[in-house]
There are 2 protein chains.
Amino acid sequence: MTDKSSDAGKPIRTAITSEDGIDFAIIELFFFAYRDFTSDPDQILADYGFGRAHHRVLHFVNRRPGLTVAELLDVLKITKQSLARVLKQLIDTDHVVQLQGPRDRRQRELYPTAKGRALALALARPQSRRIRAALEDSGAAERTLVERFLEAMVNPELRAQIDVGSAKMSGKSHGEH
Amino acid sequence: MTDKSSDAGKPIRTAITSEDGIDFAIIELFFFAYRDFTSDPDQILADYGFGRAHHRVLHFVNRRPGLTVAELLDVLKITKQSLARVLKQLIDTDHVVQLQGPRDRRQRELYPTAKGRALALALARPQSRRIRAALEDSGAAERTLVERFLEAMVNPELRAQIDVGSAKMSGKSHGEH
DNA sequence: GAGATTATGTCAGTACTATTGACGTAATTT
DNA sequence: AAATTACGTCAATAGTACTGACATAATCTC
């Protein structure tokens with residue numbers, strides 16, 4: 001700002017760079033990578049009249065069968081009103097079933113059906129293929145490094161919910177790290 | 001339960017695993033990581049009445065000052081109708097200015113103002129901090145590995161648009177397609 | 001047992017981002 | 001002169017999210 005008041009609306013012609021110590025490279029790569037990563041299942045979902053929200057629900061119901069509605073809301077960090085529409089559609093189309101909780105009959109445990117399991121796999125397949133391709137020349141060490149990086153990008157409070165190892169959340173002590 | 005025809009809607013009680021050769025660990029980590037990564041700027045954007053779309057436009061206008069509307073549409077992969085509202089708001093609030101293209105007067109070159117530059121930096125700061133924290137114990141080699149992984153996750157056709165290195169896209173040496 | 005709390009469902013209204021399709025205008029190309 | 005291109009805009013629709021309010025049944029607490 002060499003001028004005082006007149007350059008408020010002046011165009012800046014120089015590109016922003018890593019000057020300010022900001023990691024634009026990874027910020028941008030993350031955007032492109034995630035966009036393309038989600039575009040694969042989006043194609044399939046369109047055939048069912050589903051969207052990404054359905055994918056996420058289906059994913060977690062398959063990863064943690066028997067989780068309750070409240071647990072699902074907590075994992076997804078959305079409101080029950082947002083979940084309602086999506087979950088209802090998945091139930092109506094026989095991808096997910098609800099069972100009354102055995103201990104607490106107010107709870108609804110969510111389980112995939114064979115149909116829901118199959119769709120979850122179909123949606124995950126191209127994503128997994130993409131990951132495999134991206135890691136194709138890499139060994140186990142590189143893979144672990146990518147996993148650690150992604151995990152470290154998650155808010156610390158939420159890391160407990162994730163379990164890279166075995167997808168079992170039923171209160172097991174699976175100490176991988 | 002062990003019926004054949006009637007178990008179409010039966011609950012599957014076992015968790016999906018990496019059995020089928022599907023990389024659920026990274027699929028899930030990518031979801032959580034990206035969600036939290038975008039949540040940082042979302043907080044700031046809310047103060048301006050902006051959303052993520054504004055962030056993306058602001059980001060690329062700062063990264064490639066002088067890019068045209070068509071180029072921006074191509075990078076973002078959205079329609080001009082989607083861009084219109086967002087871009088108009090950024091222009092109306094003096095974050096972005098349009099200049100008539102020097103060679104082709106139909107074109108509108110987009111530039112950030114000082115205000116737009118400042119906001120772009122403010123939005124990128126927490127994201128960059130998060131990345132730095134995630135890589136804190138890592139060296140340059142690990143950083144490069146993460147960059148390579150993310151780049152490999154992007155659709156090959158689009159990798160040309162990205163430039164990890166220096167963020168300079170100023171040379172309009174691009175073939176027009 | 002009465003009352004409070006919890007788990008879930010649902011209705012209504014709103015916001016943001018995206019889409020397709022159509023049409024208009026000015027500038028450039030053929 | 002005609003066609004094409006770059007951009008802008010109007011209208012309608014979809015998908016995902018939000019807040020707030022209210023209902024019901026089950027469980028917990030005193």
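In what follows, chains are A, B, ... by sequence order, proteins preceding strands, each numbered from 1.
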Mind checking which nucleotides bracket the chain A contacts on DNA chain C, 5' to 3', with an atom under 4.0 Å from a heavy atom?
C:dT6 to C:dC11

Kindly say whether [Y] contributes a backbone atom to a donor-acceptor pair with the side chain of [X] at under 3.5 angstrom?
| X | Y | value |
| --- | --- | --- |
| B:Arg130 | A:Met153 | yes |
| B:Arg143 | B:Leu135 | no |
| B:Arg159 | B:Val154 | yes |
| A:Ser82 | A:Ile78 | no |

Sub-6.0 Å ring centroid separation between B:Tyr48 and B:His54
no

Would you classify A:Gln98 as touching base, sugar-phosphate or nothing, given that sugar-phosphate means primed atoms plus P, OP1 and OP2, and contacts are heavy atoms under 4.0 Å?
sugar-phosphate

Under 4.0 Å, heavy atoms only, any strand: does A:His54 hit a base, just the sugar-phosphate, or nothing?
sugar-phosphate

Can you tell me if B:Gln161 and B:Asp74 form a side-chain donor-acceptor pair at under 3.5 Å?
yes

How many whole angstroms separate atom NZ of A:Lys77 from atom C1' of D:dC18?
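These atoms are roughly 16 Å apart.
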
Hey, which sits more toward the 5' end of DNA chain D by its nearest nucleotide, A:Gly101 or A:Arg52?
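Here A:Arg52 is the residue nearer the 5' end.
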
Mapping A:Arg103 and A:Ile78 to their closest nucleotides on DNA chain D, which lands nearer the 5' end?
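Checking each residue's closest nucleotide, the 5'-ward one belongs to A:Ile78.
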
Is any side-chain heavy atom of A:Phe24 less than 4.5 Å from a side-chain heavy atom of B:His59?
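Side-chain contact under 4.5 Å: yes.
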
Student check: side-chain heavy atoms of A:Arg64 and A:Leu110 closer than 4.5 Å:
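Side chain of A:Arg64 against side chain of A:Leu110, heavy atoms only: no contact under 4.5 Å found.
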
Heavy atoms from other residues, nucleotides or ligands near CZ of A:Arg35 exceed 12 (cutoff 6.0 Å)
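Counting neighbours around CZ of A:Arg35, more than 12 heavy atoms of other residues, nucleotides or ligands fall under 6.0 Å, so yes.
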
May I ask you to check whether over 12 heavy atoms, not counting those of B:Lys77, lie within 6.0 Å of atom NZ?
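Yes, enclosed.
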
If you measure from CZ on B:Arg63 to CD1 on B:Ile162, what distance do you get to the nearest 0.5 Å?
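Here the rounded value is 10.0 Å.
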
Could you identify which residues of residues 104-111 of chain A place a heavy atom less than 4.0 Å from some atom of DNA chain D, listed by residue number, or say none?
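Residues of residues 104-111 of chain A under 4.0 Å from DNA chain D: A:Asp104, A:Arg105, A:Arg106.
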
Heavy atom of residues 79-94 of chain A under 4.0 Å from DNA chain D: which residues?
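Here the set is A:Thr79, A:Gln81, A:Ser82, A:Arg85.
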
If each of A:Glu71 and B:Ala53 is mapped to the nucleotide of DNA chain C with the nearest heavy atom, which maps nearer the 5' terminus, i.e. the 5' end?
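Final value for this comparison: A:Glu71.
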
